[in-house]
Engineer: 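Please read through the structure below; I'll follow up with questions.
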Amino acid sequence: MTSIRQSGPSPQTPTKQRRRALKAADQIDPRLYGLPRAATPVLTILAALFAVFVLAPLLWLLISATKSQADIYTSFGFWFSGPFRLFDNIASLGQNISGAGVFVQWLANTLLYAVAGAVGATILSALAGYGFSRYRFRGSNALFFGVMATLLVPITSIALPLFLVYSKVGLVNSVWGMILPSVVSPVGIYLMRTYIDASVPKDLIEAARLDGAGELGIFVRIALPLSMPGLMTVLLITVVAVWNNYFLPLVIFSKSSLYPLTVGLSALSQASQSGSKAELVPVLITGGLVTVVPLIALFLLLERYFRGGLLQGSTTGL
């Protein structure tokens with residue numbers, strides 16, 4: 001018996017159909033932005049060039065972290081050369097080879113400052129954003145605009161008053177001197193207010209009050225679960241801000257054991273430029289690589305919350 005081969009396209013499985021539907025849903029017609037459809041290849045090329053611009057330094061860090069100091073200056077920057085010294089360079093991060101401090105200690109300090117500051121900023125931003133969004137009291141708008149006005153004040157203009165205040169209350173060379181300013185986030189308050197305006201219905205809150213729920217219970221059981229993307233957005237923004245903060249720890253810390261990564265790597269860079277130590281450049285590059293890896297991992301973990309929170313806040317603020 002001869003088998004008859006059916007001509008034509010094979011039927012698609014539900015999984016393939018679902019993937020194609022999701023891919024089509026993610027594609028945005030450029031005509032919605034007032035652009036012709038022919039602009040799609042141009043935009044794709046521009047996006048690819050931007051990706052190369054962003055990823056090239058990371059690739060250089062990864063490749064250069066595997067080299068010795070001599071190979072860094074003599075070999076091609078975007079390709080490997082032997083011997084492979086990545087693990088030796090990583091091991092050097094645990095040693096005080098420059099006299100400026102130990103990278104592992106700076107990393108632990110940064111984790112402490114970022115986690116404590118981000119958690120505190122997320123909690124305070126949620127409380128303040130919920131209060132500004134769902135409570136109306138005399139002067140609420142003026143108070144909110146006053147909080148937003150602090151975004152216009154550069155940190156450099158308050159550096160000297162901040163140091164004088166810290167010296168009076170004993171926060172110079174103190175962990176709390178770094179954590180307390182980090183828990184106040186005007187951007188987080190704004191995002192949480194706009195997100196709660198859009199995601200927490202007033203009728204739901206009123207119904208909970210009629211059922212006898214307390215204000216704290218409404219906030220914890222209703223407002224917070226509905227605002228989870230906004231909370232994750234504030235958490236991610238604050239972690240990045242504290243992680244990259246350089247000026248504040250530079251002002252308040254004089255002990256290398258309290259340095260975060262930004263100030264510690266700056267001290268290590270100065271030591272490498274002085275020429276007193278021969279093998280500091282690969283250690284400095286490896287430290288830079290280790291510094292960015294946690295932020296990339298955190299962003300990939302919270303990216304869907306971050307994107308949803310920003311889109312929700314931006315559309316509400318219009």
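These numbers were taken from a predicted model, which means no experiment stands behind them.
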Engineer: First locate atom CG of Leu143, then atom CE of Met148, and finally report the distance between them rounded to the nearest 0.5 Å.
Structural biologist: 10.0 Å

Engineer: Within the structure provided, determine whether Leu46 and Phe50 are in side-chain contact (heavy-atom separation under 4.5 Å).
Structural biologist: no

Engineer: Could you check whether Asn89 and Ser92, counting side-chain N and O atoms only, form a donor-acceptor pair closer than 3.5 Å?
Structural biologist: no

Engineer: Kindly check if the number of other-residue, nucleotide or ligand heavy atoms within 6.0 Å of CZ (Arg209) is above 12?
Structural biologist: yes

Engineer: For residues Tyr259 and Leu250, determine if any side-chain heavy atom of one lies less than 4.5 Å from a side-chain heavy atom of the other.
Structural biologist: no

Engineer: Give a yes or no on whether the backbone of Ser257 and the side-chain of Trp106 come within a donor-acceptor separation of less than 3.5 Å.
Structural biologist: no

Engineer: Taking all atoms of both residues into account, what is the closest heavy-atom pair of Phe247 and Asn245, and its distance?
Structural biologist: N-OD1, 3.5 Å

Engineer: Is the shortest side-chain N to carboxylate O distance from Asp197 to Arg134 below 4.0 Å?
Structural biologist: yes

Engineer: Ignoring hydrogens and geometry, is there a side-chain-to-backbone donor-acceptor pair from Asn109 to Leu261 under 3.5 Å?
Structural biologist: no

Engineer: Under the 3.5 angstrom rule, does the side chain of Tyr166 hit a backbone N or O of Gly177 as a donor-acceptor pair?
Structural biologist: yes

Engineer: Go through the steps to decide whether Val153 and Ile158 satisfy the test side chain to side chain contact (heavy atoms under 4.5 Å, CB included), and finish with yes or no.
Structural biologist: CA-CA 8 Å; Val153 181; Ile158 61 174; 4.0 Å; yes

Engineer: On a heavy-atom basis, which atom in Ala126 and which in Ile196 lie closest, and how many Å separate them?
Structural biologist: O-CD1, 4.2 Å

Engineer: Tell me, with the steps shown, if Leu162 and Leu248 meet side chain to side chain contact (heavy atoms under 4.5 Å, CB included).
Structural biologist: CA-CA 9 Å; Leu162 183 65; Leu248 178 61; 3.4 Å; yes

Engineer: Is the backbone N or O of Gly170 less than 3.5 Å from a side-chain atom of Ser174, with the two atoms forming a donor-acceptor pair by type?
Structural biologist: no

Engineer: Backbone N or O of Gly146 within a donor-acceptor pair of the Thr150 side chain at under 3.5 Å?
Structural biologist: no

Engineer: Is there a side-chain contact between Leu231 and Met192 in this structure, where contact means two heavy atoms from C-beta onward sitting under 4.5 Å apart?
Structural biologist: yes

Engineer: Please answer: with hydrophobic residues joined when any side-chain heavy atoms are less than 4.5 Å apart, are Ile72 and Phe84 in the same cluster?
Structural biologist: no

Engineer: Answer whether the closest heavy-atom distance between the side chains of Leu204 and Leu226 falls below 4.5 Å.
Structural biologist: yes

Engineer: If you take all heavy atoms of Phe253 and Pro260, which pair is closest and at what distance?
Structural biologist: CD1-CD, 4.2 Å

Engineer: Assigning hydrophobic clusters by single linkage (Ile, Leu, Val, Met, Phe, Trp, Tyr; side-chain heavy-atom cutoff under 4.5 Å), is Val102 placed with Leu284?
Structural biologist: no

Engineer: Backbone N or O of Thr291 within a donor-acceptor pair of the Trp243 side chain at under 3.5 Å?
Structural biologist: yes

Engineer: Could you state whether Leu55 and Val52 fall into the same hydrophobic cluster, counting links through intermediate Ile, Leu, Val, Met, Phe, Trp or Tyr residues with side-chain heavy atoms under 4.5 angstrom apart?
Structural biologist: no

Engineer: Which distance, rounded to the nearest 0.5 Å, do you find between the OG1 of Thr66 and the CD1 of Ile90?
Structural biologist: 10.5 Å

Engineer: Under the 3.5 angstrom rule, does the side chain of Ser269 hit a backbone N or O of Leu265 as a donor-acceptor pair?
Structural biologist: no

Engineer: To the closest 0.5 Å, what do you measure between CG (Leu124) and CD1 (Ile189)?
Structural biologist: 7.5 Å

Engineer: Check whether more than 12 heavy atoms from other residues, nucleotides or ligands sit under 6.0 Å from atom OH of Tyr135, and answer yes or no.
Structural biologist: yes

Engineer: Check whether any side-chain heavy atom of Ile252 lies under 4.5 Å from a side-chain heavy atom of Asn173, and answer yes or no.
Structural biologist: no

Engineer: Is Ser266 reaching over with its side chain to a backbone N or O of Thr262, donor-acceptor style, under 3.5 angstrom?
Structural biologist: no

Engineer: What's the verdict on side chain to side chain contact (heavy atoms under 4.5 Å, CB included) for Ile237 and Leu191, showing C-alpha distance, side-chain angles and the deciding distance?
Structural biologist: CA-CA 11 Å; Ile237 291 177; Leu191 288 176; 3.6 Å; yes

Engineer: Minimum heavy-atom separation for Ser227 and Val200, please, with both atom names.
Structural biologist: OG-CG2, 3.7 Å

Engineer: Locate the shortest heavy-atom distance separating Ser75 from Ser81; write the atom from each residue and the value.
Structural biologist: OG-OG, 3.5 Å

Engineer: If you look at every heavy atom in Gly77 and Ile63, which pair is closest and at what distance?
Structural biologist: O-CG2, 3.7 Å

Engineer: Within the side chain of Ser157, is there an N or O that forms a donor-acceptor pair under 3.5 Å with the backbone of Pro154?
Structural biologist: yes

Engineer: Would a hydrophobic clustering, with Ile, Leu, Val, Met, Phe, Trp and Tyr connected at side-chain separations under 4.5 Å, put Trp60 with Trp79?
Structural biologist: yes

Engineer: Does a side-chain heavy-atom distance below 4.5 Å link Tyr195 with Pro229?
Structural biologist: yes

Engineer: Please check: side-chain N/O of Ser140 versus main-chain N/O of Arg136, any donor-acceptor pairing under 3.5 Å?
Structural biologist: no

Engineer: Between Ile296 and Leu58, is there a side-chain heavy-atom distance shorter than 4.5 Å?
Structural biologist: yes

Engineer: In this structure, are over 12 heavy atoms from other groups packed under 6.0 Å from Phe53 atom CZ?
Structural biologist: no

Engineer: Mind checking the OG1-CG spacing from Thr122 to Leu235? Nearest 0.5 Å is all I need.
Structural biologist: 4.5 Å

Engineer: Kindly indicate whether the side chain of Leu268, heavy atoms from C-beta on, has any atom under 4.5 Å from the side chain of Phe103.
Structural biologist: no

Engineer: Quick one: CG on Asp211 to CD on Glu206, what's the gap to the nearest 0.5 Å?
Structural biologist: 11.5 Å

Engineer: Measure from NZ or CZ of Arg193 to the centre of the six-membered ring of Tyr130 and say whether it is under 6.0 Å with the direction within 45° of the ring axis.
Structural biologist: no

Engineer: Given the rule that I, L, V, M, F, W and Y join up when any side-chain heavy atoms are under 4.5 Å apart, are Val172 and Ile179 in one cluster?
Structural biologist: yes

Engineer: Quick one, Asn244 with Leu295, criterion side chain to side chain contact (heavy atoms under 4.5 Å, CB included). Give me CA distance, side-chain angles, the key distance, then yes/no.
Structural biologist: CA-CA 10 Å; Asn244 295 327; Leu295 292 182; 4.0 Å; yes

Engineer: Hey, could you give me the OH/NZ distance between Tyr73 and Lys67, rounded to the nearest 0.5 Å?
Structural biologist: 12.0 Å

